[in-house]
Amino acid sequence: MKSKKMLLPIEKVNPGMITAEVVFNKMGNVMLWDGVALDSITIERLKNVGVQEITVHVDEPREKGIRYDYSSPVVFAAEYEQDANLTKQMFQDISSGKRLDAETTEEIVDSVLRKSESNRNIIDSITQVRSIDEYTFYHSLNVSMLCMLIGKWLRLDEYHVRNLALAGLLHDIGKTRIPFEILNKPGKLTDEEFEEMKRHSEYGYNIVKNLDDISPEVAKAILTHHEKEDGSGYPMGLTGDKLNLYSKVITVADIFDAMTANRTYKSKDTPFKVFELMQHGSFGILDPIVLNAFLNNVTSYYIGANVLLNTGETGVVVFMNKQNLSRPVVQVGDRYIDTSVSKFVRIKEFL
Ligand SMILES: [Fe+2]
Ligand SMILES: [Fe+2]
């Protein structure tokens, strides 16, 4: 189904609609970029700042068979836990020597795809606290959801979005072949242990390569998900021109989830710190088109967030600087602090 652009009064805008043009506030600042999927909280915030009408895509194709309202955080959380349990089961089955069960992977991927319009719930759930031994299951599920979102933001068709969700889910399946003591070691790995850990890409590829339900492109993405654009990754040191799009998408999703994860042995970075590292510290490592699609969309979910500044003041994020995504404009009382200009003011914490 083709979509068309339409200017709608804000009262007629529904969750799931996608912005077709940039949305500005009264002061002429960008509130939302185009191509952003709206949810009920974002729509409320637009109303609160006095936005009267916005241009959205209408007649976007909808997923068939939506059974629940996934914009409800409670329903989302219940399904998320259920999917994490299925992912755990899948990992345990492979560890005990069983073949990868296509029905289980399909069930999880279907569930992930049904949440394709729950962007805010996805972004909220990936920063939950997880214990070390459960980490890989939640991480796999999170990367699957993030790969799906990036696929949508890149405007890929259903076939590729589905493959991306599957590739994300299975990208670390080779960790089932890594000894338990290495995988769950709380401290730093020795060089030898790290070399063994790095082999999970190949182990994963060997698990999936001959399965009928897994396309060769998905298998290849699992093998190459730790390769880097400049050839500095592993296992083969391939450069970006040799990597498929699935692999590039997994790499971005994988890094974001790993950096924002709140594991017991590692304190997490604030998302803004992660955006800074991804935007300014990943030249030559991440694919710029995939990275931009990800950052331009994901950062819009932090507009309206309450933050604590290093000055001790609290404020609300009101505007993202596109050139400097980690330094948004923060409203404190009736003042606007542009943290990209006020170099000493930093966001310390999310509230
Ligand atoms: Fe990995
Ligand atoms: Fe990973």
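Note that ligands are numbered from 1 as they come in the structure, with each ligand's atoms numbered from 1 the same way. Side chains included, hydrogens not; waters and symmetry mates left out as well; all remaining heavy atoms used.
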Is there side-chain contact between I41 and R45, with at least one heavy-atom pair below 4.5 Å?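 Yes, side chains in contact.
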Are the side chains of K248 and I289 in contact, using a 4.5 Å heavy-atom criterion? no
Got a sec, which residues hit side chain to side chain donor-acceptor pair (under 3.5 Å) with [X], two or more places apart in sequence or on another chain?
| X | value |
| --- | --- |
| N244 | E217 |
| D157 | none |
| E313 | T311, R335 |

Taking 2.8 Å as the upper limit, name the protein N, O or S atoms near the Fe ion (ligand 2). H139 NE2, H171 NE2, D172 OD2, D254 OD1
Between H171 and H139, ring centroids under 6.0 Å: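 Centroid separation for H171 and H139: below 6.0 Å.
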